[in-house]
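Please read the structure below before turning to the comments.
Atoms within each ligand, like the ligands themselves, are counted from 1 in listed order.
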Amino acid sequence: MSTQTSLTIDKSRLLSELTTLANFSSCEQPAPAVTRVVFSDEDLAARKYLMSLYEDAGLQTRVDSVGNTFARWIGDDDALPAVGTGSHTDAIPHSGMYDGTVGVLGGLEAIRVLQRTGFRPRRSIEVLMITSEEPTRFGIGCTGSRVMAGRLVESELSDLKDSDGDDFHTVRHRAGFSGDIASAVLSHDYYHAWTELHIEQGPELESKELPIGIVTAIAAPASLIVTLTGVGGHAGGVLMPGRRDAMCAAAEIIQAIEQLAIASPSDDLVATVGEVDVYPGAVNSIPSKVRFTIDLRDVDGDSRDQCKSAMETQIESIAKRRNIEFDITIVNSDPPATSSPMITAAVEQACQASGLAYQRMVSRAYHDSLFMAQVAPMGMIFIPCRNGVSHRPDELTTPEQLSDGVEVLARTLATLSMS
Ligand code: HGY
Ligand code: MN
Ligand code: MN
């Protein structure tokens, strides 16, 4: 396809599909607020809807043992490693309608716009809906892409439990996904290239009035669970000296975590305590146990790890001084990912052909591409989101911004499918 070929993205169709998808939600607020937890009824209904769209586009579909859904536009030489695109459609509670879905439905529209031009790909082009990018149900992100990269095996998935105490396999079987996990691992010659379209989930592109971001690297995420155990008791009857209050220990430790992140020499280092559970959780009872999570990231893996060990040291010293027992569980501690120059060059060429300004940038959010980078050469295309807001119902990207992203994705896929 020449760089002169003009591509007309069907914006209204794409927006209507995104809106329909947003209505598959358990959120008590109406769309654009969305809650769509993996393997929930809403998630399964959304998958069915997507399947109907893939079939309308004449794509060949298959679903693997954890629900990763592949929709393939067969190229002239289907035996060659294919070109992959896609993202996730699960959504954390009370979030927005564009995180992930832009990469799935935008990937589908990119294929359809190429079909409308009469373009014929040499390599097949596949749009992927990846299971459980969000950590909401099982506490770890990117489950489906970790499985495809061979980073999560059968036994490890058995250890993942949801809030009902059901393990991943019980839940996936109940949702209708069976088969062994090893069968879902992608060989390194399955894809020739992988590119994901996603909203930036940050303010940079909008503040610079740039329509496209070319992602050069994805930050390395780590998540930890800290459990502190003290001695509970009557809020009135136990005097202050000698208390072993788990909540006060947690408060001091959480402050220390924030201070370590602020003091880090790396501007890309971020730390968040997003979940805190207090036991017994009564107004007049001294907390005997507190469990909280730490989400820790940096584009530089070493800097992230240095901060992680400094946090572990602080947790130990504060807990010991307060005579509190502590346990630190590392849920995940993943390496960062670097984009393939082959793909960033194809995206840059696509931006130029589309006459769209762009900048190279890092992704501070993690994405399935963090693990798809272990399967194939990886790249990501960012489009702006209003005020950089994401993981909130007011998450928004405009039809024009969507269209720009899909056009650049379509040109990139066309180039890669002919290489
Ligand atoms: O948390 C993340 O970075 C991703 O949006 N799940
Ligand atoms: Mn997200
Ligand atoms: Mn996402």
Side-chain angles (χ1 to χ4, degrees), residues 18 21-22 25 27 32-38 43 46 68 85-107 127-146 151-152 194-205 213 215 217-224 268-275 293-299 301 304 331-337 361-373 378-385 388-397 402 405 409:
L18 283 164
L21 189 57
S25 164
C27 192
V34 182
T35 300
R36 189 163 50 243
V37 177
V38 68
D43 177 34
N68 293 316
T85 188
S87 191
H88 63 100
T89 56
D90 61 324
I92 70 170
H94 303 290
S95 60
M97 60 179 269
Y98 298 98
D99 173 9
T101 56
V102 156
V104 177
L105 288 171
V127 56
L128 199 37
M129 190 291 294
I130 302 174
T131 278
S132 194
E133 190 268 357
E134 298 293 3
T136 313
R137 185 159 191 173
F138 293 102
I140 186 168
C142 301
T143 313
S145 44
R146 287 176 196 269
R151 293 290 174 189
L152 256 183
W194 164 267
T195 308
E196 179 176 4
L197 174 65
H198 205 285
I199 54 172
E200 179 197 342
Q201 296 179 305
E204 221 175 313
L205 289 175
V215 172
I218 301 173
S223 58
L224 301 80
D268 293 315
L269 191 290
V270 286
T272 310
V273 173
E275 287 178 34
T293 58
I294 304 172
D295 176 309
L296 178 63
R297 312 182 189 200
D298 194 326
V299 177
R304 193 267 324 267
V331 176
N332 64 287
S333 181
D334 305 300
M361 61 195 292
V362 301
S363 172
R364 302 186 190 289
Y366 62 71
H367 303 281
D368 287 310
S369 292
L370 183 68
F371 294 95
M372 297 309 282
M378 174 280 291
M380 286 193 78
I381 300 166
F382 273 173
I383 55 175
C385 49
V389 160
S390 180
H391 281 190
R392 278 180 11 194
D394 54 340
E395 180 181 273
L396 179 78
T397 190
L402 258 175
L409 177 65

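For the residue pair T293 and E275, no side-chain donor N or O sits within less than 3.5 Å of a side-chain acceptor on the partner. Side-chain atoms of D99 and H391 include a donor-acceptor pair closer than 3.5 Å. Checked by atom type, the side-chain pair S223/D295 shows no donor-acceptor distance below 3.5 Å.
Scanning both residues, W194 and L128, for their nearest heavy atoms gives CZ3-CD2, 3.6 Å.
For residue H88, no N/O/S atom approaches the Mn ion (ligand 2) to within less than 2.8 Å. Residue contact annotation: D368 places no N/O/S atom under 2.8 Å from the Mn ion (ligand 3). Distances from the Mn ion (ligand 2) show that E133 has no N/O/S atom below 2.8 Å. Metal site remark for the Mn ion (ligand 3): H198 contributes an N, O or S atom at a distance under 2.8 Å.
At a 4.0 Å heavy-atom cut-off, ligand 1 does not touch H367 at all. Under 4.0 angstrom from ligand 1, the non-hydrogen atoms of R297 all belong to its side chain.
Shown in contact with Q201 at under 4.0 Å from a heavy atom are these atoms of ligand 1, numbered in order with element: 5 (O). For ligand 1, the atoms closer than 4.0 angstrom to any heavy atom of E133 are 4 (C), 6 (N). The atoms of ligand 1 that sit less than 4.0 Å from any heavy atom of A365 are 3 (O).
Vertex the Mn ion (ligand 2); arms to H391 atom NE2 and E134 atom OE2; angle 100° (nearest 10°).
Looking at Y366 and C142, their side chains come closer than 4.5 Å, going by heavy atoms from C-beta outward.
H391 counts as a contact of ligand 1, since one of its heavy atoms falls under 4.0 Å from the ligand.
A donor-acceptor pair under 3.5 Å is absent between the side-chain atoms of T85 and the main chain of V127, judged by distance alone. Using a distance-only test at 3.5 Å, with no hydrogens or angles considered, a donor-acceptor pair links the side chain of E196 to the main chain of S369. Between the side chain of E200 and the main chain of L205, a donor-acceptor pair closer than 3.5 Å is present.
Within D99, the N, O or S atom lying nearest to the Mn ion (ligand 3) carries the name OD1.
An N or O contact shorter than 3.5 Å is missing between D99 and ligand 1 by distance.
The protein atom (non-hydrogen) at minimum distance from atom 6 (N) of ligand 1 is E134 OE1, 2.9 Å.
Checked for salt-bridge contact, R137 and D90 miss the test: no charged N lies under 4.0 Å from a carboxylate O.
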